[in-house]
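Each remark here refers to the structure printed beneath this line.
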Amino acid sequence: MYIEDVADHVGEKIEIRGWMFNKRSSGKIHFLQLRDGTGFIQAIVEKSSVDEEIFQIAASLRIESSVMIEGIIREDKRSPYGYEMDVKNIEVVQIPIEDYPISKKDHGVDFLMTNRHLWLRSKKQFHILLTRNEIIRAVREFYNLKKFVLVDTPILTGSIGECSGEVFDIEYFDLGKAYLAQTGQLYLEAAAMALGKVFNLGPTFRAEKSKTRRHLTEFWMNEAEMAYYSSDDNMEFQEELVSYVVKKVLERASDHLMAIDRDLKPLEKVKAPFPRMSYDEAIKLLQKKDFDIKWGDDIGGDEETGISEEFDKPVMVYNYPRNIKAFYMQPDPSNPEVVLCNDMLAPEGYGEIIGASQRIHDPDLLVERIKEFNLPVESYDWYIDLRKHGTVPHSGFGMGIERLVAWICKLDHIREAIPFARTIYRIHP
RNA sequence: UCCACCAUAGCUCAAUCGGUAGAGCAUCCGGCUGUUAACCGGAGGGUUGUAGGUUCAAGUCCUACUGGUGGAGCCA
């Protein structure tokens, strides 16, 4: 029997198997706070209504004792959970052999991350992880609904993906260096030519020495690639995806969000269509707001916030200068200085959650651009080859799962959006 | 890689101008039949990150190092 189901068993004697995360005692009564992974409940042990032996066992329980407790479920308005259990029997699995390091008072970031394996048991982390679970479920659901095919892209790669940032490398038998994937995009482009509309969802790795609340060295990304999609089709699809995910999370996880004091009102406004703003317009807006920025500069974190605070929905900034974007992005036919791309900026200061573009489909242009970026043409042989066999315009994007979770849960830092965060100076636990 | 900040009890923090190291929580003992980070009384718990320097005297000032945190660049 799980705690989430107790409402259906009022008046019955049931057994809960879990952990005691807190205890309060008053000499002749113990209040045991229990957790079993599905919820929380308070179990009452009264000296006058149980055997002396059971009462003594309750007295001996320490924080995080693992227990199997039998009792009768009762509705009770005094309980924050609405239900309580009158204990009849306690079977101890283990009484902890060391003090539990995570106390009821505040802790620092360093200490909590060092104890991440235990920190996961805390209430806030419980609610965040269950919300993450619903977010990922909704993402997968949306792609299935839209008849996309899941294509799992490799994590070990030979050539370097975007060749932008730093990569992790490892020795790969007699073949020299292999690299941990920074993106599955190139592989999804190949798959889109076979299957039309494809997506992936998996870990990606960036060895950049970023130390901010928005960066991890290992993070989960959802990427999609659609044959015959223009940049406009791409943007329309992204706003549908994000609207769907937020809607489903509100349906299925609003209890978790409220438990961590997430105000639901801003999320309820997240419905397609989203506002769109060209890079040109964004620069003008930022200049009007006294940012020190000119046409051709990239839009940084503070600037992103400057733009997104103008709207109460995610905003899509499109068509950036070609020089500050990746080599594979399709130039705008009406203005070759910009490329057909877009970033989606989440509201409430959370910044970029999606990076997207239409990809170059012309083989000659692609080679030209690879050379322009001083990249080794040889390592892109199969990528270029795709353009020689029935090439078509196509578009796609990557969405950062942890950034999505951080925004939806309104977290201060992305490290709480993933069970075991990998940051530049931390790989343990 | 660069910039800024932090390091004192198991945890979170205090310690005035450089002058004998403190509190809450946790732990242990005792009390309490409705507690909600329970509460009340008592006890134990310290080479102030490491190494050097200035000084009659350093947790406090200076230098280096180590570890951590936030940010820039880069990105999801």
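What you see is a predicted model; the values in this text were computed from it and never measured. Within every chain, numbering begins at 1; the chains are lettered A, B, ... in the order of the sequence lines, protein sequences first and strands thereafter.
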For this session: Kindly indicate whether a cation-pi arrangement holds for A/Lys313 with A/Phe274, taking the cut-offs as under 6.0 Å to the six-membered ring centre and within 45° of the axis.
Result: no
Problem set entry | Any N/O donor-acceptor pair, A/Arg403 side-chain to B/C75 base, under 3.5 Å | yes
Problem set entry | B/C75 base / A/His215 side chain donor-acceptor hit below 3.5 Å | yes
Exercise. Checking all strands, does A/Asn22 fall into the base, sugar-phosphate, or nothing category for heavy-atom contacts under 4.0 angstrom?
Worked result: sugar-phosphate
For this session: Please work out whether the ring planes of A/Phe237 and A/Tyr143 are parallel, tilted or perpendicular, with thresholds of 30° and 60°.
Result: tilted
Exercise. Taking NZ, NE, NH1 and NH2 as the nitrogens, is one of them in A/Arg62 or A/Asp99 under 4.0 Å from a carboxylate oxygen of the other?
Worked result: yes
For this session: Describe, in one word, how the ring planes of A/Tyr279 and A/Tyr320 are oriented to each other, choosing from parallel (under 30°), tilted (30 to 60°) and perpendicular (over 60°).
Result: tilted
Exercise. With no hydrogens and no angle check, is any side-chain donor or acceptor of A/Ser79 less than 3.5 Å from a backbone partner on A/Tyr81?
Worked result: yes
Seminar exercise, completed: Testing B/C28, B/U33, B/C11 for proximity to the side chain of A/Ser48, the answer is B/U33
Problem set entry | Side-chain (A/Ser357) to main-chain (A/Arg359) donor-acceptor, under 3.5 angstrom | no
Exercise. What pattern of brackets, bars and dots sums up RNA chain B from 5' to 3', given Watson-Crick or G-U wobble pairs under 3.5 Å, [ ] for crossing pairs and | for another strand?
Worked result: (((((((..((((.....[..)))).(((((.......))))).....(((((..]....))))))))))))....
Problem set entry | Under 3.5 Å donor-acceptor, A/Thr217 side chain and A/Ala207 backbone | no
Exercise. Contact class for A/Glu402 vs. all strands (heavy atom < 4.0 Å): base, sugar-phosphate, or nothing?
Worked result: nothing
Seminar exercise, completed: Comparing nearest nucleotides in RNA chain B, the 5'-proximal residue of the pair A/Ile354, A/Ser25 is A/Ser25
Exercise. How do A/Ile63 and A/Lys28 order along RNA chain B: which one's closest nucleotide is nearer the 5' end?
Worked result: A/Ile63
For this session: Please confirm whether any donor atom in the side chain of A/Glu98 sits under 3.5 Å from an acceptor in the base of B/G10, or the reverse.
Result: no
For this session: Would you indicate which nucleotide in B/A76, B/U33, B/U27 comes nearest to any side-chain atom of A/Arg62?
Result: B/U27
Exercise. What is the ring orientation for A/Phe40 with A/His127, classed by angle as parallel under 30°, tilted 30 to 60°, or perpendicular over 60°?
Worked result: tilted
Problem set entry | Quiz item: A/Ser210 side-chain donor-acceptor pair to B/G73 base, under 3.5 Å | yes
Nucleotide N/O to protein N/O under 3.5 Å, stretch nucleotides 64-71 of chain B:
from: B/G68; atom 1: OP1; to: A/Tyr425; atom 2: O; distance (Å): 2.9
from: B/G68; atom 1: O3'; to: A/Arg426; atom 2: NH2; distance (Å): 3.4
from: B/U69; atom 1: OP1; to: A/Arg426; atom 2: NH2; distance (Å): 3.4
from: B/U69; atom 1: O4; to: A/Lys211; atom 2: NZ; distance (Å): 3.4
from: B/G70; atom 1: OP1; to: A/His413; atom 2: NE2; distance (Å): 3.1
from: B/G70; atom 1: OP1; to: A/Arg415; atom 2: NH1; distance (Å): 2.7
from: B/G70; atom 1: OP1; to: A/Arg415; atom 2: NH2; distance (Å): 2.9
from: B/G70; atom 1: O3'; to: A/Arg213; atom 2: NH2; distance (Å): 3.2
from: B/G71; atom 1: OP1; to: A/Arg213; atom 2: NE; distance (Å): 2.2
from: B/G71; atom 1: OP1; to: A/Arg213; atom 2: NH2; distance (Å): 3.0
from: B/G71; atom 1: OP2; to: A/Arg213; atom 2: N; distance (Å): 2.5
from: B/G71; atom 1: N7; to: A/Lys211; atom 2: O; distance (Å): 3.0

Problem set entry | Mutual orientation of the aromatic rings belonging to A/Phe142 and A/Tyr244 [parallel < 30°, tilted 30-60°, perpendicular > 60°] | tilted
